[in-house]
Every structure is written in C-alpha cells, then in structure tokens.
Amino acid sequence: MADKARVAVMVSGTGTNLQALIDAQKSGLIEKGEIVLVISNKEDAYALERARKEGIETFVITQKASGGRDGFEEACKEIIDSRNIDLIVLAGFLMILSKEFVTYYDHKIINVHPALIPSFCGDGFYGLKPHIAALERGVKVTGATVHFVNEIADGGEIIAQKAVNVEEGDTPEILERRVMEQAEWLILPVAVAKLCRKIVKNRK
Ligand code: GRF
C-alpha cells in the first residue's frame, strides 16, 4: 500500500522482537508501516516461522552459501532494493554489517541493543554478554536502546531508550528476559511506528 512505509526486518534467532513488531502492526500501533520482508542469516532462526505464519516474504541468506559477508550483503541489497524497502530493522540480528552497506543505507537501518548505550555495547556485546557485563559491574539499572546503525558497532544516533531495574539474584537469562519484556518489545515498535509516520509524511 502506497500510504505505508515498507519495512524489512533482519533476524538471526528466536525473533521475539520481530513478533513484537508483527503484533504492533496488527494492533494498529505501527499504523503507517508494513513489514513486507524478513531476511535471516541463519536457516534455523525461529523468527522465520513467525514471519511465515503471517505470510511475510522470507529469505535465508547464509554467509556460507553467499561466499562471506560481501556476498551476503550483495544478496541482501538485491532483495531489499527490488522490494522498495523504506526502513530496515535489525531485530536480534547478530552480524556486524560493513561500513559500505550501512553507508549505502544511511539513516535507513535501526537496531535494538539490550543495554543503555553507551554502557555495555560495541564489539563483542551481543546476546547475553551485555547482561553478564551489567551484572558483573553491579549496575542497579540497565535497559534497551534503539539507535540508527552506522559504521561503528552500536555507535549510531540514539532514537529511544528504556530503563529496567536489576533485581537481587538476577541471572543473565532472567535479566535478558526482563529487558526484552519491559524494554525492547516496547521501544522498538514505538520507534518503528514513529519512523514510518515520518517516512510517509516526507513523501507528500
Ligand atoms: C534480544 O535481547 C536482542 O536484543 C538480542 O538477542 C535477543 C533475542 O532477540 N540481540 P530476538 O528474540 O531474536 O528478537
């Protein structure tokens, strides 16, 4: 539909953030956006099942099959550009994209990071690692950040953040779940909704 921004989501794993976006689209929260494409770099990502259930077009592009990161990115560009994508959302996506790729899609890619940037971010801080580091440091508050993606890992302009309390006895897994439930799954859909409204408005 012309009056909606066309959204692609890149995933690597369980896809709970993708599910939050799908639910937000169905509830009308993401009123001016439509998820039309999901790309996974892992063929066993459960996120793909979530997309297929909704009839969203999916692609699996593994670095192995596409000859490394360059081949992966070329294949992604071909699909993304042929589908006229307006916004690319990295949701539980665990690859570091090249400077060339993120520059080509300047200010069109956003990411959700499971910590309050600039804490516990950058190279190597993915999956449980931000939560392990937060517990090791003894912070009382952590959270999630949505940011634009640039050539520096987790270094792009911050769009939204939400704080989450660290509780006595938290394990990394318990903290990860709380950060997803109380932060990621809330701020990512709101950020996508806002950006889609802006994209559609700027078309007029
Ligand atoms: C989330 O904490 C995400 O921020 C991180 O991996 C976890 C699972 O993401 N990258 P998802 O369930 O695949 O969206």
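Order of listing sets the numbers, starting from 1, for every ligand and every atom in it. Start at 1 with the first residue, then count along the sequence. The figures here come from the full heavy-atom set of this structure, side chains too, leaving out hydrogens, waters and symmetry mates.
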Value rounded to 0.5 Å, distance of NZ in Lys194 from CD1 in Ile30: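 Those atoms lie 13.5 Å apart.
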What residues, two or more places apart in sequence or in another chain, satisfy side-chain hydrogen bond (donor to acceptor under 3.5 Å, both in side chains) together with Glu31?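 Partners of Glu31 under the side-chain hydrogen bond (donor to acceptor under 3.5 Å, both in side chains) test: none.
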Qualifying ring-ring contact (aromatic ring centres under 6.0 Å, His included) pairs, either residue in residues 144-191, two or more places apart: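 Qualifying pairs: His107-Phe148.
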Enumerate the side chain to side chain donor-acceptor pair (under 3.5 Å) contacts for residues 128-141, please, sequence neighbours excluded, ordered by first and then second residue. Tyr126-Lys129
Within the supplied structure, the quantity of interest is the number of heavy atoms (other residues, nucleotides, ligands) at a distance under 6.0 Å from Lys42 NZ; does it exceed 12?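 No - once you tally the heavy atoms of other residues, nucleotides and ligands closer than 6.0 Å, there are 12 at most.
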Minimum heavy-atom distance between Leu128 and Pro172, given as atom pair plus value: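 Answer, listing the atom of Leu128 first, then Pro172: CD2-O, 3.6 Å.
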Quick check for students: name every N or O atom pair between ligand 1 and the protein closer than 3.5 Å, with distances.
unit_1, atom_1, unit_2, atom_2, d
ligand 1, 2 (O), Glu184, OE1, 3.3
ligand 1, 2 (O), Glu184, OE2, 3.0
ligand 1, 4 (O), Glu184, OE1, 2.7
ligand 1, 12 (O), Thr14, OG1, 2.5
ligand 1, 12 (O), Gly15, N, 3.4
ligand 1, 12 (O), Thr16, N, 2.8
ligand 1, 12 (O), Thr16, OG1, 2.6
ligand 1, 13 (O), Thr14, N, 3.4
ligand 1, 13 (O), Thr14, OG1, 3.3
ligand 1, 13 (O), Gly15, N, 2.9
ligand 1, 14 (O), Thr16, N, 3.3
ligand 1, 14 (O), Asn17, N, 2.9
ligand 1, 14 (O), Asn17, ND2, 3.0

